[in-house]
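Notes to accompany the following structure.
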Amino acid sequence: MGASRKSTRRLGGAWMLCPYCGLPQERVATIEHDWVLLEPDMAPLAHVVPAEYRWIETSDGRVTVYGVCPPDPFQRCRIEHRLACPEQALPDLWPWLTSLRGENARQAERLNEPEPPSPPEEWPDAG
């Protein structure tokens, strides 16, 4: 598949090169009359993609976010190229897990901190 290939399956869709990694991404119209850049030729099962990242194709070729939980076990969806792009940071898909990981990192740092010095045997006279 060539990166310059035009897609005629979708409303105004086109293959574009990602400015970060240089791989193709597919520009697809949304039902809200916007555009989204999707990973080309990939349609994972919807239940393996977090709800707010599932793009479902409608009968006219446009896409919409599909937040139904749990989705039909055989429903396929599309994902944005930025999720698959090797040159972009992965978004925070599970904020609670990110918070837990941060707290665990702080807890591990506290465990590895050196013991504070022991107080002197005799305190100085402060007056």
Side-chain angles (χ1 to χ4, degrees):
M1 134 186 52
S4 63
R5 181 181 127 204
K6 295 285 184 184
S7 173
T8 57
R9 296 177 289 160
R10 291 174 179 71
L11 300 176
W15 295 81
M16 303 170 64
L17 294 181
C18 173
Y20 298 98
C21 69
L23 293 173
Q25 51 189 349
E26 188 175 0
R27 182 177 182 246
V28 180
T30 70
I31 63 169
E32 293 86 15
H33 307 289
D34 288 322
W35 297 96
V36 63
L37 298 170
L38 300 177
E39 183 69 9
D41 298 326
M42 182 183 181
L45 290 168
H47 72 272
V48 301
V49 177
E52 61 275 11
Y53 295 96
R54 294 181 197 133
W55 289 90
I56 303 296
E57 291 186 37
T58 61
S59 60
D60 65 1
R62 293 182 293 171
V63 293
T64 186
V65 171
Y66 186 67
V68 173
C69 286
D72 178 300
F74 302 105
Q75 175 72 54
R76 296 278 178 177
C77 69
R78 304 283 307 272
I79 63 169
E80 291 179 55
H81 171 74
R82 69 186 178 92
L83 298 176
C85 180
E87 297 298 322
Q88 293 187 59
L90 193 60
D92 187 8
L93 299 179
W94 295 279
W96 64 267
L97 183 58
T98 300
S99 296
L100 176 62
R101 289 171 56 98
E103 180 53 36
N104 283 347
R106 287 185 291 278
Q107 186 176 3
E109 285 176 14
R110 287 191 298 269
L111 288 175
N112 293 326
E113 288 179 353
E115 290 292 320
S118 306
E121 291 292 322
E122 191 174 309
W123 289 96
D125 185 11

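Between Val49 and Cys77 the shortest heavy-atom distance is CG2-SG, 3.8 Å. Closest approach of Leu38 and Arg78 over heavy atoms only: CB-NH2, 3.6 Å. Across every non-hydrogen atom of Pro24 and His81, the tightest pair is O-ND1, 4.0 Å. Nearest heavy-atom pair across Gln25 and Leu17 is NE2-O, 3.7 Å.
The hydrophobic clustering, which links ILVMFWY residues whose side-chain heavy atoms are closer than 4.5 Å, places Phe74 and Ile79 apart. Under a hydrophobic-cluster definition in which Ile, Leu, Val, Met, Phe, Trp and Tyr are linked whenever side-chain heavy atoms come within less than 4.5 Å, directly or via other members, Leu100 and Leu111 are assigned to different clusters. When the side chains of ILVMFWY residues are joined at heavy-atom separations under 4.5 Å, either directly or via intervening members, Tyr20 and Met16 end up in two distinct hydrophobic clusters.
A 4.5 Å side-chain heavy-atom check between Cys18 and Gln88 finds at least one atom pair inside the cut-off. Within the 4.5 Å cutoff, the side chain of His33 has heavy atoms near those of the Arg62 side chain. In this structure the side chain of Gln75 never reaches within 4.5 angstrom of the side chain of Arg54, judged on heavy atoms. Annotation: side chain of Leu83 is in contact with side chain of Pro91 (closest heavy-atom distance under 4.5 Å). By the 4.5 Å heavy-atom criterion applied to side chains, Trp55 and Val65 are counted as neighbours. Residues Leu37 and Arg82 fail the side-chain proximity criterion, which asks for heavy atoms closer than 4.5 Å.
Residues satisfying the side-chain hydrogen bond (donor to acceptor under 3.5 Å, both in side chains) criterion with Asp92, sequence neighbours excluded, are Thr98. Listed by chain and number, the residues in a salt bridge (Lys or Arg N to Asp or Glu O under 4.0 Å) with Glu39 amount to none (sequence neighbours excluded).
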For Arg106 and Glu109, run salt bridge (Lys or Arg N to Asp or Glu O under 4.0 Å): C-alpha distance rounded to whole Å, both residues' side-chain angles, the deciding distance at 0.1 Å, then the answer. CA-CA 5 Å; Arg106 287 185 291 278; Glu109 285 176 14; over 6 Å; no

Between Arg76 and Leu45, is the side-chain contact (heavy atoms from CB on, under 4.5 Å) condition met? List the steps. CA-CA 4 Å; Arg76 296 278 178 177; Leu45 290 168; 3.7 Å; yes

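To the nearest 0.5 angstrom, Cys69 atom SG is 12.0 Å from His47 atom NE2.
Here Ile56 is tied into one hydrophobic group with Tyr66, Val68, each link being a pair of ILVMFWY side chains closer than 4.5 Å.
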